[in-house]
Amino acid sequence: MPLVKLDKNYQAEMLDREVRKRKAEFRITNRDMAGWLGVSERGLVYKRKYGTYTLKDLSIIFDRFQFPIETIGKVFRKA
């Protein structure tokens, strides 16, 4: 699966902030989330820090955390 590097104008921190909010809301741990994506916890932290997700990763995250379509659109929008 190819990696998806978020646009440089889009801060990976914005997506990470949303993920952190959802993790707290749904009470999900890094271990749980890493299990969904099939990576180690360290691998998850790397993906979150640098925004290097595959399309499959993003679809799993958006589905599991029930992101609204508006939030998903922000991820792919160029500033």
Show, in sequence, the C-alpha distance, side-chain angles and deciding distance for N30 and K23, and conclude whether the side chain to side chain contact (heavy atoms under 4.5 Å, CB included) test is met. CA-CA 9 Å; N30 276 346; K23 277 179 58 187; 2.4 Å; yes

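Below 30°, between 30° and 60°, or above 60°: for F65 and F26 the angle between ring planes is between 30° and 60°, a tilted geometry.
With sequence neighbours left out, R48 forms a salt bridge (Lys or Arg N to Asp or Glu O under 4.0 Å) with D16.
A distance of 9.5 Å separates CH2 in W36 from CG in D63, rounded to the nearest 0.5 Å. Distance check, rounded to the nearest 0.5 Å: NZ of K21 to CD of E25 gives 10.0 Å. Between R22 atom CZ and I28 atom CD1 the span is 12.0 Å, to the nearest 0.5 Å. For the atom pair CD (E41) and CE (M33), the distance works out to 11.5 Å, reported to the nearest 0.5 Å.
For the pair Y46/V39, no side-chain contact is recorded, criterion being any heavy-atom separation below 4.5 Å from C-beta on. Side chains of F67 and I61 form a contact here, defined as non-hydrogen atoms less than 4.5 Å apart.
Taken together through direct or relayed side-chain contacts under 4.5 Å among Ile, Leu, Val, Met, Phe, Trp and Tyr, V45 and L58 form parts of separate hydrophobic clusters.
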